[in-house]
Every structure is written in structure tokens, then in C-alpha cells.
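Notes to accompany the following structure.
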Amino acid sequence: MKTKFQAAILLSAAALTALVGCAADGTAGESAESGKTEITLGAWYYSSAESWAPLVEKFNEENESYEIEVVSYVSSDEKTLRSDLEAGEAPDLLCLYGFGLIERAYLEDLTPYMEEVRESFIPAVLNGIEQNAPLKALPLLFEMDTQVYSGGEAAAASTPLQGISRVWNLSTLYGEDYDYIYGSEGNDIDFTKTAFAITADSGCKDGAWAFIEFALRDESQLALAGFSAFPVTQSAFDELCAQALAGGIAGGWGFELAQSDIEKLSLLVDGTEEYLWCF
């Protein structure tokens, strides 16, 4: 298995003492407004522009037991998150995109939780996830690094393959006269986009997992992936491809693909056995 770590900076957090919610000692508080158990989610930065931000809002609307409170980390003090982790005061959940390497000892092993959802993953994606044991973070999206050729020669638009929009670029440039170099050589499933982890000291691990499980639903996966990444579950991936065939991707952007484009993409994903990681 090939491993690549994405370098980034550990970033700092706003004070957590004002938050009411799950505590590291296993106790749980209630949100004053909703009466739900509050789960804290730490992120590098958080805005409505983030693809997963609307997911938090939707989870809070629909889940009857838990509510997410986002803790925004900023770049001015890289020691804060590490200090919070060492003190057992870090958020229940972490969105790892944008962070540097976090010691795996601070993160919960998600392997037992995976039994509930493992059959929903694309087989090649699941293979990569299970190679990263013990599983300390779960990727919710993936991209592809691949080699593309047209007319028997390497194409300029070769890497990376970032979602349906990139497949559409290839189809637009080359029509049916392009292909991927299949097999593991030169191809990687790239998990460096977005992954979520549960902190080992979280007092609300079941609630934190409830959010991750929510993010694996088809509607959530399609919203997260948009046109710039691929969903990790098979049913959402199939739905994304079906939408592309009908030209209905991403709210009418119109990334319409041919059946041959979908067949090439599916063959590429199914045959890839190398993986890039950021956690």
C-alpha cells in the first residue's frame, strides 16, 4: 500500500469552556435551546461555503437526539488543538481536512462502528479503508490520481481526477477517444479531501457516530461530493453517475456524460488498489 501524508498546519480553537454538551468524562449536557444532547465538532474553519456546513444544519434539523455545535479553529495558535487533545478537552468530532498530522492515539478506533455501514461502501474504497487499521478517521469523499491517454499518447489532462466535472472535461476534450491506464500502476484513490474522526476522550461517541452515519446517506453523500469529488458509498456513486448521464449534476451545471464515460470511470475505480491518505 502506498501512503502519502498531506502536509498542513495544526490550527487553534476558540475557547471551549462556554460550550454546553458532551464532556470527556462520559457525561452529557443538553442544548439550552433544543433540549438535545450537544456534540461539538472541531474544524479548521467553518463557513456556509463549506460543502459540509449545510450537512451540519440539516443534521441539527432532523436528528431528534443530538445537535452539532461547531468549534472553529484558526491559524493564529497552532498549539491550541494539541493542548485540548492532551487535556482531554477537544471536540467530540474533528473534520480533519486542513489539519496537520494528529497523533492517532487521540482518536477513537472506528472499526467497531464500521460493521453497521461497511456493506454500503464502494468495494475498492472499502478495501483502502480496511487497510488503514486501526481506523482512526473515516473518509467521506475521494478523488482519483490517474493516467489518461488519447490516441495512444499521454493526454495533458491526466491528473488528478476531481469528481464528475473532471470526467466531463475529458469527455469534452476527447469525446470517446480517451481512456485511463487501468490497474494499480499509476492510479490512486485519494482520501485527502474530507475525513471525520471521533476523539478518544469524547463523552458522546454514539452521538458523534450518528453524524458520520448521517453523512453516509445518499442525499448527504451527493451534497458533499457535488461535482468536485466522488462519494464513498456505492449507491450514491451510482446515483451521481445516473445524474451525469441525464445532465443533471450540481443543480443544473449540466455535466452530461456518455455511457462510455461512466463505464471507463467505474472500471478505473473498481480496479484501483493504491491509496493516498491525510490521516
Side-chain angles (χ1 to χ4, degrees), residues 6 8 39 41-63 66-68 70 72 91-99 110 113-114 116-126 128-129 132 135 137-145 160-168 189-198 207-244 248-253 255 257 265-266 269 275-279:
Q6 185 180 40
I39 312 296
L41 190 163
W44 177 29
Y45 59 90
Y46 179 82
S47 73
S48 59
E50 288 298 286
S51 61
W52 54 268
L55 193 66
V56 171
E57 297 174 8
K58 192 169 182 62
F59 176 86
N60 287 345
E61 291 174 2
E62 296 186 8
N63 192 280
Y66 303 105
E67 183 169 285
I68 299 291
V70 176
S72 295
D92 302 291
L93 271 165
L94 293 176
C95 179
L96 297 184
Y97 183 61
F99 287 123
L110 301 182
Y113 296 95
M114 279 293 293
E116 304 174 24
V117 297
R118 69 185 305 277
E119 296 302 322
S120 66
F121 283 84
I122 297 169
V125 170
L126 179 64
I129 289 171
N132 202 30
L135 181 64
L138 188 62
L140 299 182
L141 301 171
F142 74 96
E143 299 175 355
M144 294 291 301
D145 287 320
L161 196 63
Q162 296 170 315
I164 286 294
S165 61
R166 193 60 162 165
V167 180
W168 178 81
I189 290 177
D190 185 343
F191 290 136
T192 63
K193 187 76 173 182
T194 298
F196 282 83
I198 299 175
W209 175 254
F211 176 75
I212 294 176
E213 193 172 32
F214 182 81
L216 291 172
R217 296 181 183 179
D218 281 0
E219 183 179 0
S220 302
Q221 282 281 285
L222 291 169
L224 281 169
F227 53 84
S228 60
F230 298 109
V232 294
T233 63
Q234 186 69 64
S235 58
F237 181 84
D238 291 344
E239 176 60 24
L240 185 71
C241 291
Q243 289 181 14
I249 293 296
W253 278 79
F255 294 119
L257 301 180
L265 174 64
S266 297
V269 174
Y275 306 91
L276 306 182
W277 301 92
C278 67
F279 54 88

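Residue numbers count from 1 along this sequence.
- With rounding to the nearest 0.5 Å, the separation of CG in Leu276 from CE in Met144 is 9.5 Å.
- Counting non-hydrogen atoms of other residues, nucleotides and ligands closer than 6.0 Å to CD of Glu219 gives a total of 12 or fewer.
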Check against side-chain contact (heavy atoms from CB on, under 4.5 Å), Leu240 and Phe227:
CA-CA 9 Å; Leu240 185 71; Phe227 53 84; over 6 Å; no

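- Listed here is the closest heavy atom pair of Ala124 and Val269: CB-O, 3.2 Å.
- In terms of heavy atoms, Val232 sits closest to Leu140 at CG1-C, 3.5 Å.
- Atoms OG and CG, from Ser235 and Leu216 in turn, are 9.5 Å apart once rounded to the nearest 0.5 Å.
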For side-chain contact (heavy atoms from CB on, under 4.5 Å), just list the numbers for Tyr113 and Glu213, CA-CA rounded to whole Å, side-chain angles, deciding distance to a tenth of an Å, and then say yes or no.
CA-CA 9 Å; Tyr113 296 95; Glu213 193 172 32; over 6 Å; no

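- Gln221 approaches Ala215 most closely through the heavy-atom pair NE2-O, 3.1 Å.
- Atom OG of Ser228 sits about 4.5 Å away from atom NZ of Lys193, to the nearest 0.5 Å.
- Interatomic distance, CH2 of Trp277 versus CD1 of Ile189, reported as 9.5 Å (0.5 Å rounding).
- Looking at Asp145 and Leu161, their side chains never come closer than 4.5 Å, going by heavy atoms from C-beta outward.
- In this structure the side chain of Ile164 never reaches within 4.5 angstrom of the side chain of Gln243, judged on heavy atoms.
- In this structure, the side chains of Cys95 and Thr194 come closer than 4.5 Å at one or more pairs of heavy atoms.
- Across every non-hydrogen atom of Leu141 and Phe191, the tightest pair is O-CD2, 4.0 Å.
- Here the CZ-CD1 distance, from Phe142 to Ile122, works out to 4.0 Å after rounding to the nearest 0.5 Å.
- Two residues are said to be in side-chain contact when any heavy atoms from C-beta on lie closer than 4.5 Å; Phe237 and Ser266 meet this criterion.
- In this structure the side chain of Val167 reaches within 4.5 angstrom of the side chain of Phe230, judged on heavy atoms.
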Evaluate Asn63 against Glu67 for side-chain hydrogen bond (donor to acceptor under 3.5 Å, both in side chains), listing each step before the verdict.
CA-CA 7 Å; Asn63 192 280; Glu67 183 169 285; over 6 Å; no

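- Looking at heavy atoms from C-beta onward, Ile212 lies out of side-chain contact with Val117 at the 4.5 angstrom threshold.
- Nearest heavy atoms, Leu135 versus Ala137: CD1-O, 3.0 Å.
- In this structure, Glu143 does not pair ionically with Arg166, as no charged nitrogen and carboxylate oxygen lie closer than 4.0 Å.
- Note: Met114 CE to Phe121 CZ = 4.0 Å, rounded to the nearest 0.5 Å.
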Apply the test side-chain contact (heavy atoms from CB on, under 4.5 Å) to residues Ile129 and Tyr275: give CA-CA distance (whole Å), side-chain angles for both, the deciding distance (0.1 Å), then the verdict.
CA-CA 9 Å; Ile129 289 171; Tyr275 306 91; over 6 Å; no

Run the side-chain contact (heavy atoms from CB on, under 4.5 Å) test on Asp190 and Gln162 for me, step by step, so that the C-alpha distance in whole Å, both residues' side-chain angles and the decisive distance to 0.1 Å come before the verdict.
CA-CA 10 Å; Asp190 185 343; Gln162 296 170 315; over 6 Å; no

